Amino acid sequence: MNGLKGRSELKHPITKADCYLLRNNLQNFMKLDPHGHDGKYLIRSVYFDNFDNKILRQKTEGFYHRDKFRARLYDYDSDFINLEKKSKRDNLTYKQKCRLSAEEYERIRLGDIEWMSGDSRDLLRDLYIQMTLRTKIISFPIILYFYKSSRKKQKINLDRRQNKI
């Protein structure tokens with residue numbers, strides 16, 4: 001994917017007890033994300049999909065080649081919003097992102113998207129092409145650990161709620 005490095009992503013549901021044990025074990029060789037409060041922060045994502053829920057359908061049907069766009073903010077801080085494109089190719093995940101201002105996000109949310117076609121950021125032009133949109137907001141708190149000697153990380157989702165707009 002044009003020089004991007006893919007990563008393997010494995011997701012497993014675990015019990016609260018297993019979460020507690022995992023957190024206690026991870027702290028022995030990983031460090032908490034310094035951007036969170038005790039490693040925790042809330043992620044809020046707004047996913048862009050079409051009216052047929054194509055992206056959601058592709059995921060549930062197990063497609064090996066798919067892309068999704070989302071706007072993501074952390075701990076309700078609208079001064080730091082990322083537009084992300086997450087792509088699956090076979091068993092690898094690729095992620096691209098660029099900053100988005102609160103004003104730009106609001107324009108997209110309200111359907112004012114013509115400006116995106118001439119934007120200098122590839123991701124915004126890419127999203128513009130995909131824009132017959134429906135939004136889905138997903139909020140969930142996480143705890144994030146980093147290996148002390150590398151960029152690898154371990155994310156624990158503490159809860160997950162889905163709210164449709």
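Remember, it's a predicted structure, so these values are computed and weren't measured experimentally. Values reported hereafter were calculated over all heavy atoms of this structure, with side chains retained and with hydrogens, waters and symmetry mates removed. Quick note: residue numbers are just sequence positions, from 1.
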I'd like to know whether NZ of K31 has more than 12 heavy-atom contacts from other residues, nucleotides or ligands below 6.0 angstrom.
no

The test is side-chain contact (heavy atoms from CB on, under 4.5 Å); show your working for E9 and K95 and say whether it passes.
CA-CA 12 Å; E9 235 180 46; K95 193 190 291 187; 5.9 Å; no

From CZ (F29) to OH (Y145), nearest 0.5 Å:
10.0 Å

Could you check if a side-chain atom of Y74 sits within less than 4.5 angstrom of a side-chain atom of I43, using non-hydrogen atoms only?
yes

With a 4.0 Å cut-off, would you call R99 and D79 a salt bridge?
no

Residue pair Y41 / D33, side-chain donor-acceptor N/O under 3.5 Å
yes

D38 atom CG, neighbour heavy-atom count above 12 within 6.0 Å
no

Would you check if the side chain of R23 reaches a backbone N or O of D18 as a donor-acceptor pair within less than 3.5 Å?
no

Mind checking the NZ-CG spacing from K88 to D90? Nearest 0.5 Å is all I need.
11.5 Å

For residues S45 and R70, report the shortest heavy-atom separation together with the two atoms involved.
OG-CD, 4.0 Å

Looking only at heavy atoms, the pair that brings D67 and S87 closest together is OD1-OG, 2.6 Å

Given the rule that I, L, V, M, F, W and Y join up when any side-chain heavy atoms are under 4.5 Å apart, are L32 and Y147 in one cluster?
yes

Under a 4.5 Å side-chain heavy-atom rule over Ile, Leu, Val, Met, Phe, Trp and Tyr, are F80 and I142 clustered together?
yes

Between E104 and R121, does any NZ, NE, NH1 or NH2 come within less than 4.0 Å of an OD or OE carboxylate oxygen?
yes

Is the shortest side-chain heavy-atom distance between Y105 and V46 below 4.5 Å?
yes

Answer whether the closest heavy-atom distance between the side chains of K40 and L158 falls below 4.5 Å.
yes

Heavy-atom closest contact (I81 atom, A102 atom, distance)
CD1-CA, 3.8 Å

Hydrophobic cluster identity match, M30 and I14, side-chain contacts under 4.5 Å:
yes

Distance-only donor-acceptor check, side chains T93 and R7, under 3.5 Å:
no

Using 0.5 Å steps for rounding, measure from the CG atom of L83 to the CZ atom of F48.
6.5 Å

Hey, does W115 have a side-chain heavy atom less than 4.5 Å from the side chain of I108?
yes

Looking at every non-hydrogen atom in both residues, tell me the closest pair between L100 and A71 and how far apart they are.
CD2-CB, 4.4 Å

Taken to the nearest 0.5 Å, the spacing of L124 CG from F69 CZ works out to 9.0 Å

NZ/K85 to CG/L127 distance, rounded to the nearest 0.5 angstrom?
9.5 Å

Which heavy atom of R89 sits nearest to which heavy atom of R66, and what is that distance?
NH1-O, 3.2 Å

Between C19 and I156, what is the shortest heavy-atom contact and its length?
SG-CG2, 3.4 Å

Do S8 and L92 have side-chain heavy atoms sitting under 4.5 Å apart?
yes

Please round to the nearest 0.5 Å and tell me the distance separating atom CD of Q154 and atom CD1 of I143.
11.0 Å

